[in-house]
Amino acid sequence: MANCTIFLSCLLILTNFVAGYLSRHDVDNCPELRCKEDGPLVRFPFYIKGRHDESCGFPLQGFQLSCSNTNDTILELPVSVTLHVSNISYISQTLDVYDPTGCFLKQFQFLNLSTSPFFYSMDTITDVSVFNCSKYDNSLPWVHQWGDCLVDSSHPFVTVVFSMEDMRDLLPCNKMFNISLVPDTRNGFITLEWSKPECRRCEAKHKLCRLNTNSSKSQTHCLNKFPGNISSSRSDLQI
């Protein structure tokens, strides 16, 4: 009986050692990285193309990020929409993105989030109408700055309205297009959310979230962090 107890104790110690080694090995191969020193920290479910192995991220289109030539963090969305990421909150599962050209309205014409893992925060959703007011000059109070990025030689004065009330004086203008159910972009960025994979429980425990390949019950599982390893791995590839 004593020998059996010793054997079971040794087996438990060995099992914990192997589990710890595998966790540390996983962390070493999937370190938290940034494209630049003040950029957002990138970890699962995201990964940085060319710096992380694809297995470090969640296997769904949209979680692949990249670093630009100026070391900005880039998110590509369907169809052919490229945005810069300024912040990622893993505890709330949100990310703040902005258009470096300052023209979300052009991007929204082509953006289709239905084929991505992201969705807009509903408290910021609105309908947008874009009018061509080229018959008039920009001294009129309702021809305002939100349409500046849509201006070209054929549409020198463009105005954008975010509510029906704003449209009351626009009858002389020609409507160019509508965009339904998009976020208000007047603060310069928009917030996207994701619901899957669910990693908030790991974040709340200050643990790492990883893909669970051994069970059909949950998409993810939690791993203990190894601060020393993560810090050293991260600093090796910071720019």
Side-chain angles (χ1 to χ4, degrees), residues 30 32-52 54-68 70-130 146-147 149-150 160 162-163 177-204 208-211 218-220:
C30 298
E32 298 175 321
L33 300 176
R34 305 175 193 264
C35 287
K36 60 182 177 182
E37 186 174 354
D38 60 347
L41 196 61
V42 178
R43 61 175 180 263
F44 185 91
F46 298 95
Y47 69 98
I48 300 178
K49 181 180 179 181
R51 300 192 179 186
H52 284 125
E54 289 186 12
S55 63
C56 293
F58 190 72
L60 187 66
Q61 184 179 4
F63 289 109
Q64 174 184 286
L65 302 177
S66 59
C67 299
S68 70
T70 55
N71 297 324
D72 291 303
T73 308
I74 305 298
L75 172 68
E76 294 183 8
L77 296 170
V79 178
S80 300
V81 172
T82 299
L83 299 173
H84 288 205
V85 182
S86 59
N87 181 65
I88 302 176
S89 172
Y90 294 92
I91 191 67
S92 63
Q93 299 201 167
T94 61
L95 68 162
D96 296 333
V97 296
Y98 65 97
D99 180 5
T101 68
C103 199
F104 269 119
L105 293 171
K106 278 186 179 179
Q107 302 271 34
F108 284 152
Q109 295 180 76
F110 310 104
L111 182 59
N112 179 13
L113 288 183
S114 64
T115 57
S116 83
F118 306 109
F119 53 92
Y120 299 126
S121 297
M122 291 306 295
D123 57 346
T124 63
I125 293 299
T126 185
D127 293 331
V128 173
S129 297
V130 180
W146 308 120
C149 67
L150 297 173
V160 179
F162 294 87
S163 70
F177 56 85
N178 292 324
I179 310 175
S180 298
L181 301 177
V182 295
D184 191 330
T185 62
R186 285 175 285 188
N187 59 5
F189 69 91
I190 61 174
T191 299
L192 300 176
E193 300 183 29
W194 75 92
S195 59
K196 294 182 179 180
E198 172 55 60
C199 286
R200 279 171 283 218
R201 59 189 177 87
C202 298
E203 293 291 335
L208 294 175
C209 187
R210 288 291 186 269
L211 182 66
S218 175
Q219 289 182 309
T220 58

>> Using side-chain heavy atoms (C-beta onward) and a distance below 4.5 Å, is Leu77 in contact with Gln107?
In response: no
> How about Gln61: does its CD atom have over 12 heavy atoms from other parts shown lying under 6.0 Å from it?
Replying inline: no
> Mind checking whether Phe44 and Leu208 have side chains closer than 4.5 Å, heavy atoms only?
Replying inline: no
>> Quick one, Tyr47 with Gln64, criterion side-chain hydrogen bond (donor to acceptor under 3.5 Å, both in side chains). Give me CA distance, side-chain angles, the key distance, then yes/no.
In response: CA-CA 5 Å; Tyr47 69 98; Gln64 174 184 286; 3.0 Å; yes
>> If we ignore hydrogens and angles and just use 3.5 Å, is the side chain of Glu193 paired with the main-chain N or O of Ser195 as donor and acceptor?
In response: no
> Phe118 vs Phe46 aromatic rings, parallel, tilted or perpendicular, using cut-offs 30° and 60°?
Replying inline: parallel
> How long is the gap from NE2 on His84 to CG on Asp99, to the nearest 0.5 Å?
Replying inline: 8.0 Å
>> Could you report the tightest heavy-atom contact between Pro45 and Phe63, atom names first, then the distance?
In response: O-CB, 3.2 Å
>> Which residue in the set Ser66, Cys67, Pro100 passes side chain to side chain contact (heavy atoms under 4.5 Å, CB included) when paired with Ile74?
In response: Ser66
> Where the side chain of Arg43 meets the backbone of Glu32, is there a donor-acceptor pair that is under 3.5 Å apart?
Replying inline: no
> Are Leu83 and Phe104 side-chain neighbours, meaning at least one heavy-atom pair lies under 4.5 Å?
Replying inline: yes
> Taking all atoms of both residues into account, what is the closest heavy-atom pair of Glu203 and Ile91, and its distance?
Replying inline: CB-CD1, 3.6 Å
> At what distance, to the nearest 0.5 angstrom, does SG of Cys202 lie from OH of Tyr90?
Replying inline: 13.5 Å
> How far apart are the C-alpha atoms of Val182 and Leu111, what are their side-chain angles, what is the distance that settles it, and do they pass the side-chain contact (heavy atoms from CB on, under 4.5 Å) test?
Replying inline: CA-CA 10 Å; Val182 295; Leu111 182 59; over 6 Å; no
>> Within the structure provided, determine whether Leu60 and Lys196 are in side-chain contact (heavy-atom separation under 4.5 Å).
In response: no
> Would you call Cys199 and Gln93 a side-chain contact if the rule is heavy atoms closer than 4.5 Å?
Replying inline: yes
> Do the non-hydrogen side-chain atoms of Pro78 and Ser116 ever get within less than 4.5 Å of each other?
Replying inline: yes
> Picking from Asn87, Leu95, Val85, what satisfies side chain to side chain contact (heavy atoms under 4.5 Å, CB included) with Pro40?
Replying inline: Val85
>> On a heavy-atom basis, which atom in Val42 and which in His52 lie closest, and how many Å separate them?
In response: O-CE1, 3.8 Å
>> Is Cys56 disulfide-linked to Cys30, taking SG-SG under 2.5 Å as the test?
In response: yes
> Any side-chain heavy atom of Phe189 within less than 4.5 Å of one from Val97?
Replying inline: no
> So which heavy atom on Gly62 is nearest to which on Leu75, and how close?
Replying inline: O-CD1, 3.3 Å
> Roughly how far, to the nearest 0.5 Å, is the OG1 atom of Thr94 from the OH atom of Tyr120?
Replying inline: 15.0 Å
> Out of curiosity, Thr73 OG1 to Ile48 CD1, how far, rounded to the nearest 0.5 Å?
Replying inline: 6.5 Å
>> Can you confirm whether Thr191 sits close enough to Pro183 that some side-chain heavy atom of one is under 4.5 Å from a side-chain heavy atom of the other?
In response: no
> Shortest non-hydrogen contact from Trp194 to Ile88?
Replying inline: CH2-CG2, 4.0 Å
